[in-house]
Each structure stands twice: as structure tokens, then as C-alpha cells.
Amino acid sequence: MSKRIDVSGLTAYYGSHKAIDDISMNIEPRTVTAFIGPSGCGKSTFLRTLNRMHEVTPGGRVEGKVLLDDENLYGAGIDPVSVRREVGMVFQRPNPFPTMSIFDNVAAGLKLNGNFKKSELGDVVEKSLKGANLWNEVKDRLNKPGSGLSGGQQQRLCIARAIAVEPKVLLMDEPCSALDPISTLAIEDLIGELKERFTIVIVTHNMQQAARVSDRTAFFNLAAVGQPGKLIEIDDTERIFSNPSVQATEDYISGRFG
Amino acid sequence: MSTAAVAGKRTSTLQGASLPKWSPYAIVGGSIVLGVAIGLAAGLDSKVQWGLIAGLLYVFGTYGIAARVEGSRQAKDRVATSLVWVAFVIAVVPLVSLIWVTISRGVKVLDVYFLTHSMGVVADSQPGGGAYAAIIGSLEQVGLATLIGAPIGILTAVYLVEYGRGRLAKSVTFFVDVMTGIPSIVAGLFILSIMLIFNMEPFGFAGSLALAILMMPVVVRSTEEMLKLVPNELREASLALGVPKWRTILKVVLPTSIGGITTGVMLAVARIAGETAPVLLLVFGNPFINNNPFEGAQSSLPLFIYQQYANSAGANAAYDRAWAASLTLIAFVMILNLVARGIARWKAPKTGR
Amino acid sequence: MDISTQTTDAPPPTPQPGIAEQKRNARGATRAGDRVFLGLSRGSGILLLVIMAAIAVFLTYRAALAISRDHGNFLTTFEWNTNVIPPTFGVAVLAFGTIVSSIIAMAIAVPIAVAIALFITHYAPRRMAGPVAYVIDLLAAVPSIVYGLWGALVLVPHMTGLFGWLDDFFGWTGIFSWDGGAPRSMLTVGILLAIMILPVITNVSREVFRQVPQMHEEAALALGATRWEVVRMAVLPFGRSGVISASMLGLGRALGETMAVATVLSPDFDIHASLLNPGGGTFAQNIASKFSEATADGRDALIASGLVLFVITLLVNGAARIIIQRRAEYSGANA
């Protein structure tokens, strides 16, 4: 059920500041696409334009087109709330709702739409937690608060929460940057499994991670601090890391700057 | 959903039918018109009811229309939005009314004469007279209360932040919180119970003592917040130079936070300046000018307002004086507030995060 | 704050400083300065405790005097006759009136205050939020006597229409029946108190809502929540205990408010089923109204009623503080 994304001419602003400039790319369904680049290059901002979260930030606005299977997310009459149901998101820091139990956290998105029987809800929660490789660790304490879990578990709980509503696309904004190596590995394995069902876009600071998990990699850069970020190139991950077509990409990957 | 189906090639999941942008304004307008119409038709003479009817129509109208067009989740969202706006309007109406009435009725007799003369031989039901004695009384009582309350409050805050550990500090913190909630009339009764023991007559300073009690916890709280904002590095830097702790506090900590402390004290002054109940019990009120706060009944502005209202049997002249005194009091309190905020902004800790 | 622990934990409550400290502060002048300053500041803290204790002791003492002379039952008598011998008085009517007016005030003020706090933090256009918050602050700064004057001269006349309407539709309940007298009743008092405590509750709630971590709201948004659903999922659960304690603070204010009630209410010493007919009284209002004509015995009786008010507000405020503290621990654990 995953969908393709076609971005054309996308520019995003914070107030009068242009954060990213004229970005176009295509993202295939059932792939993992990684965004890499130095801090401030706009890769997170770009990610947030893909489910209309950018405009939540005060002063945030967007020009250009994002097509989700031929439908423009920024077209007239599009409801951003529906967009976010189709395009789920996992954040940098794990953010389970602190006042809800593990079960309620996973069910939170489902409950928004109401018409669920208690038993159905339980099935979906179990399926989602299994999908996030968390079921075995939490099945005995579903009614305990989610904030009692470890950081890595919390992040997988957030993934379970995101996939419970069956989105078509899953956006991940540096999902492992707050986690230890073992939890990171667990999430990376999970990403490999999830791409069978979802189109995954992941922002990462860690180039090894991009190389490990992604099929395609996009490199973003900015000319100088205060300048808008730009897409330098997007290509198969293997190519980006072995033989990129732009010099700047090679410089960045080989650690000559950034 | 039919509109969406027509618009797209196929039924879209992203496209919800939605109300046009102007619809909330249209619903507001419609509700007000209907509310007024219903009010007129039913012969309701109270504008309050017109407003209530319009507000209800707005909330239910929003829900009905949104539920039909956009579905129930969006309808709930819109109702929440409309309720929040209605609540805001409800809160603003009394404030606007209060400010408007106070100003429009207060300016009638508020002039230099009013501020420089007293009620002395003027009967409460007669026009003339003024609030001079009350203003003098207020200034003296509030001034004395500040002289007592502010230093004790600031020192207590210094103790809590710079020294306070252990059970004493904990209980002081707790009772400062509790003290914040003491009704002003209870503070008045406390001083009164002492005065009864010694058979004392009302006098200005007794009021000051009650006001000081009301002031202390407010000053402690605000000063505490300000002292906590002073970065520890500053203290450590000074202590590392071998400066003793008390001089560190006096020369480094307090000067750094003096702006915020001043703001807190001024806000506390503004608060006690409007207190009536303890003054009523302890200072009693006096139409004549009494410059001595340590002997004999005095007046004060809030008390003057109350007595002009309560003792005049509905004479308009007295009400006019009450409004004029209210305007004077509000102006005083507001100026204190504005200046305090100005100081807070101007003296904001430069060493902050 | 670590630096202060070293020097403060050391001195025991006795004036004798620890030996370690004596050695550290070898220079006499330094030590004297520190001791004087510590003494002054600690003395101020202790003074506050003494004042609190003195309030309780003196009020209790005078109240005991009054109650021992009371010919009626202090808790149940429906009468306040203190200027006769023997005096007869009881606080039942006052307790009833105080609680009823405060409940009305809370029922009106809490939902509106929460809504306004949400308006400022989550709904208002950004340019509007600042000024609105400022206006609410100003509302808090208006002295209560001015509210009282406004309530008596402006609000009361505006209530007749509403009262007539309530009587027409809900008069059959008894609670809202109205015999057409001046609307100087418990309901009017409750509405005025609601207006007065609104800023208190709004300001505290606003601070709590503002502290809701952005990431929790974004989590809800990313699940496809509407704005109201974000508020319900992330904001209200996080702010609930804060709102409760804010309400308790507001309640404390409403319980002790004197002048606004004294100017608006037309009191009598009875308990009425109807909220619309004048009558009843509150602790604070009764003290202010009866004080000027009270004899020495009468004043003691008023002090006794003040003691009851004092205890009630202590309980309410103490509960509010405990809730706030629990919340501080709880949110700290999740930070």
C-alpha cells in the first residue's frame, strides 16, 4: 500500500527566511531514501514539508508541489490532517504521550477515527507492536505508561504508533540520534522490515547508517550559513557512497567538510 | 464527499470537503443577527441575553454546518475553536465595561479640587468634597507596609535561595505558599485581635501591619524567582576570589537581580494598594485629614470608595465620588504595573541563558 | 546551588558555628558579616513562620472567648445577634453562602479560564496572543473594591433580564425561582466572583499549557489529529493537574473575597433554596458588613467566623500546593 512521492520546485520559508530552495526529486514506493548533509542544510525542513508539518511552525510556508501518487499535497482543498494520516512521522527524540499507557499510545491515532471495537483495537495494537519489534518486550505491561520504557523502546513505541494508522509513507527525522548503538541497530533492522510495507524517508547525520539502511540517498548542502539549503544530488546509495557525480558530495562523504 | 469525487479523477483520501474560509465569519454574523432578532421578537430587554443567544447559535450553528459538510471530527474541531473564541469574548466584555464605566463616570468629578480636598464637613449625599484624606492615608499606610514587608520578604527569599536547606527552609517555603492564600480580611482580623487585647482604637499603622503581612509572601515568591535566575557561575566566580558569602550576595547576586526584585515589590505594592477589608477593620475611615498614621482613624482610597458607595443611600454625588476615586486607584495601580513591567524589561538579566 | 550547601548545611540550629566553618572563615570580620547576614535572612524566614503561628493563636484565642459566650450553637445557629446579652450567633448560613457562591464562581470561571488559556497558547493569531495575555494580567490587577462597585452599579441592573428568563424556564426547579426583587443574590455574587478569579486561573493554566513539550503536540499532529484533538491528546492531559491547582487558587480567592460580595449582596441570615432571591451571606462579607456596628463581643464573634474562613482557605490552598508539587516531580521525571 505504499505510495510514490514526486516533489517539484519545492521552496520552504520560515517567515522571510528561505530555508530550502527549489527542490525536486522522485521517491519510489517500497524503498528507503536517506537524506544526508551538514547541519542546517534543510533536510529536516524538507522532510517536514512532505507531510505538511512544516507549516505548523510559526511563520512556516511552502511553495511548489509534492505529489503523493499524482495528488498534490499542497493542492486546493487538501486537508493537512488527512495528509498526515497518509504520511506518518517519527521524530528525533522519542515522544510517547507521557500520560498514556503503552496500549493507548499505540491506539492513539486509531481512536481519533472512533469506530473501533475494543477487540479490534487490541488486534491492531498487537500487530503494530509486533511490526515495531516491541511486542515481546511490552506484552505484559501494556497498561504501564510509555514513559517507563528505555529510549530505544520508546522510539519503537513511536514507530508502532505511527504504523498503527496504516500510513502509506513513513518519515523519520534522525530517529536514532538520541539512542545508544544497540537500540540504533534494532531500529535499523526494523527499517529494513518496514520498507516491505511503507515508503520510508529517513533523515540521518550518520553516513554509515545511510549506507546501511537506504536504497537511495539524497545529499543536501547549503552555500553558506544563512543561505537556503539545496539538493545537490540524489542517486542509488551505492553510487553516492562509491562514485558520486558531484564533487561536493564526495568531499562530504569522505569527511573533508561538514 | 460528492464534491471531492467530482473534483478529482477518483475519490481522494486527502481531499476532505471543507467549508470556505469566510464561513466562520458568516456564522458569527448570522448568529448575531439571529440573536438580536430573537431577542427583539421575544421582547427580551437584556442585552446579556441577546449575546447569550447569539453565542449559543454560533456554537450550535458551527457544529451543524460543519458536521454536514466536513464530518464530525472537523465539526468537533470547529466547535472547540468557536467555544474558545466565545470564552474570550465573554471575558473581554466585563473588562471593557468596567474600564469604560470607571473612566466615563470617574472623569465627571475627578479634577484637582477632588484630589486636594476632603469630605470634612461635606455630607455624603452632597456634591463637592474629595479624596485628599484618603489619598494621604493610602500613601502612608501602603508606604509603611512596604517599608516593613519588602525587606522581610526580600531577606526571606535570600535565605531560601542562598542559604536555605533542611527542614526550616522547607517549612518556610510551604508557609509562604499558604500565606499567599490568606484572605485579606483574615489578616485584618489578626491585627484586630491584638488590638482588642490592648484596647486600642483604629489607626493607620495597624492597617499597614495587615497590608505588610499580605505583601510579604508575594515579595518572597517573586524575589525567589529572580534570585534563582542568577547564574551560579557568578556566585562561584565571586566566592573563588575569596569574597565572603554575604558580600557576594550583596555585591553580586542582589545587583544582578535588582530589576526583577523591584518589579516584584512594585507589583506587590499595587496589590495591597487596592485592599479594602483590613483597612476597613483597622483604620476605620475618617472624613477629616489625618496626617499621622500612628494615631487616630485615617481613610484610604479603597475604603473611601466603599464608604461612598455604602453610606450614601444611593446619592448620585457619592457614586460619582466613588467612581472618581476608583479611577484614581486604578490609575495608580496600572501605572505601578506598567512601570514595574518596564523595569523588568529594561533590567532583564543580561547574563541570562 | 551546590556552593550554598557547603556553608549552610554545616551550621546546626544553635548559634554556635561548626568548627570547620570557624577554621574556614579565619578572619573575624568576615565571619561576623556572614553571621549577621545569615541571621538577618534566616530571622526573616522565621518571622514569617511566627506570623503564621500568631495568626492562628490570636484568632483562636479571641474565637474561644466569643464561642464560650455564645448562647446559640456556633456551628448550627441561623442567627447573628451579637449585640445582645447573651449573644447568639452561628456560622451555618455563612458557610453555606460562602460555599455556594464559590461553587457558582468556579463553575463559570474554570471552563472559561481554561478556554482563554487555550486561546492564548493555541488558538489566537500570534499577533493577538500577547495583547490578550496582557489584558488578562490587567484584569488581575484591578482592585476588588472596584469590581465591587462595578458589580453593584453596573452588573446588578443588567441581571434582571437574565433572572426573569431563568425564572421563566427553570423557575420550577426552585433553585432558579425569582420573586422579582433586586438581583443582589448569590447568583450575581457568583458571577462577579467568577469574573474576579478568571485571571488567576487563566494565568496559571496558561503557563502550564505553554510548558507542554512541542514534541508531544507534533506527535499528535503527525498522527493526523485536528487542532482540538491535539489539545485533547497532548495539551489537556499534560496540563490537568496544573489546571486543578490553578482552580484551587482561584477557589481560595473566591472564598475569601470581601468587598465585592459586601457591595453586591443584599444579605440576610437565612439559607434560601433559590439562588436568584436576595439573601444569605458569606464569612468575609458578614465581617465587613457587621463590623462597624459590632460591640466588643460582636467583634470577637466576627473573629471566630474569620477563624473558620482561615481554616477553610488553608485547607484549599494547601491542597493546591501539594498538587502543584506532585506535578513538578512528575513532569521532571519525564523531562
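- Evaluated for a side-chain contact (heavy atoms from CB on, under 4.5 Å) with S44(C), the options L155(B), I154(B), L160(B) yield exactly one hit, L155(B).
- Within 6.0 Å of CZ on F88(B) lie more than 12 heavy atoms contributed by other residues, nucleotides or ligands.
- For the atom pair M179(B) CE and M52(C) CE, the distance stands at 6.5 Å (nearest 0.5 Å).
- Taking 4.5 Å as the limit, every side-chain heavy atom of F175(B) sits out of range of all side-chain heavy atoms of I51(C).
- Looking at A260(C), neither its backbone nor its side chain comes within 4.5 Å of chain B, counting heavy atoms on both sides.
- Both the backbone and the side chain of A54(C) come within less than 4.5 Å of a heavy atom of chain B.
- Across L280(B), L189(B), L192(B), a single residue satisfies side-chain contact (heavy atoms from CB on, under 4.5 Å) together with I287(C), and that is L189(B).
- Neither the backbone nor the side chain of V79(B) comes within contact range of chain C; no heavy atoms are under 4.5 Å apart.
- Proximity to chain C is limited to the side chain of I213(B), based on heavy atoms less than 4.5 angstrom apart.
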Take I191(B) and F58(C) through the test side chain to side chain contact (heavy atoms under 4.5 Å, CB included) and record every step on the way to the result. CA-CA 9 Å; I191(B) 302 295; F58(C) 278 91; over 6 Å; no
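- Considering every non-hydrogen atom in both S41(C) and Y159(B), the closest pair reads O-CB, 3.4 Å.
- Taking CZ of R227(C) as the start and OG1 of T81(B) as the end, the distance is 4.5 Å to the nearest 0.5 Å.
- For the options W228(C), F310(C), F119(C), heavy-atom pairs under 4.5 Å to chain B are most numerous at F119(C).
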May I have the step-by-step check of side chain to side chain contact (heavy atoms under 4.5 Å, CB included) for L162(C) and L52(B), ending in yes or no? CA-CA 10 Å; L162(C) 181 69; L52(B) 282 178; 3.9 Å; yes
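- In terms of non-hydrogen atom pairs under 4.5 Å with chain C, the most contact-rich of P183(B), A169(B), G274(B) is P183(B).
- Within the 4.5 Å cutoff, the side chain of M216(B) has heavy atoms near those of the L48(C) side chain.
- Interface remark: R341(B) contributes side-chain atoms only to the contact with chain C (heavy atom separation under 4.5 Å).
- Scanning both residues, Y123(C) and A80(B), for their nearest heavy atoms gives OH-CB, 3.9 Å.
- By number of non-hydrogen pairs under 4.5 angstrom with chain B, the leading residue of I195(C), T263(C), V135(C), T202(C) is T263(C).
- Of the residues considered (N317(C), V146(C), V316(C)), V146(C) shows the highest number of contacts with chain B, using heavy-atom pairs under 4.5 Å.
- With no hydrogens or angles considered, a side-chain donor-acceptor pair links W150(C) and S97(B) at under 3.5 Å.
- Within the model, atoms CE of M259(C) and CD of E275(B) stand 10.0 Å from one another, a figure rounded to the nearest 0.5 Å.
- Counting heavy-atom pairs closer than 4.5 Å to chain C, the top residue among I197(B), V92(B), V178(B) is I197(B).
- The two atoms that bring A262(C) and Y306(B) nearest to each other are CB-OH, 4.1 Å, heavy atoms only.
- For the pair M334(B) and L138(C), the tightest heavy-atom approach, listed with the atom from each and the gap, is SD-CD2, 3.5 Å.
- Of the atoms belonging to N337(B), it is side-chain heavy atoms, and not backbone ones, that fall under 4.5 Å from chain C.
- Contacts of L255(C) with chain B are absent, with no heavy-atom separation under 4.5 Å from either backbone or side chain.
- In this structure, the portion of Y134(C) lying under 4.5 Å from any heavy atom of chain B is its side chain and not its backbone.
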Set out, in order, the CA-CA distance, both residues' side-chain angles and the distance that settles side chain to side chain contact (heavy atoms under 4.5 Å, CB included) for I185(B) and E257(C), then state yes or no. CA-CA 8 Å; I185(B) 194 140; E257(C) 177 49 42; over 6 Å; no
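- Only the side chain of L49(C) comes within contact range of chain B, with at least one heavy atom under 4.5 Å from a heavy atom of that chain.
- Contact of A322(B) with chain C is made through backbone and side chain together, with heavy-atom distances under 4.5 Å.
- With a 4.5 angstrom heavy-atom cutoff, F291(C) touches chain B only via side-chain atoms.
- Between chain B and the residues I145(C), T313(C), D300(C), the largest count of heavy-atom pairs under 4.5 Å involves I145(C).
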Could you go step by step and tell me if I303(C) and L196(B) meet the side chain to side chain contact (heavy atoms under 4.5 Å, CB included) rule? CA-CA 11 Å; I303(C) 290 174; L196(B) 286 177; 3.7 Å; yes
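- For the pair R247(B) and D34(C), the salt-bridge criterion is not met [side-chain N within less than 4.0 Å of a carboxylate O].
- If you tally non-hydrogen atom pairs under 4.5 Å between each of V57(C), L307(C), I120(C), T258(C) and chain B, the highest count goes to T258(C).
- In this structure, chain B has a heavy atom under 4.5 Å from the side chain of R62(C), while its backbone stays farther away.
- No option in I152(B), T156(B), V172(B) other than I152(B) meets the side-chain contact (heavy atoms from CB on, under 4.5 Å) test with L47(C).
- Proximity to chain B involves both the backbone and the side chain of Y147(C), based on heavy atoms less than 4.5 angstrom apart.
- Heavy-atom distances place no part of M248(C) under 4.5 Å from chain B, backbone and side chain included.
- When heavy atoms are compared at a cutoff of 4.5 Å, A310(B) does not approach chain C at all.
- Using a 4.5 Å cut-off between heavy atoms, L98(B) touches chain C through backbone and side chain atoms alike.
- With chain C as the partner, the residue from S193(B), A87(B), A91(B) showing the most heavy-atom pairs under 4.5 Å is S193(B).
- Using a 4.5 Å cut-off between heavy atoms, V220(B) touches chain C through its side chain atoms alone.
- Between A115(C) and V84(B), the shortest heavy-atom contact is O-CG1, 3.6 Å.
- Taking I249(B), L336(B), L327(B), V86(B) one by one and counting their heavy-atom pairs under 4.5 Å with chain C, the maximum is reached by I249(B).
- Counting heavy-atom pairs closer than 4.5 Å to chain B, the top residue among L149(C), V142(C), L59(C), L118(C) is L149(C).
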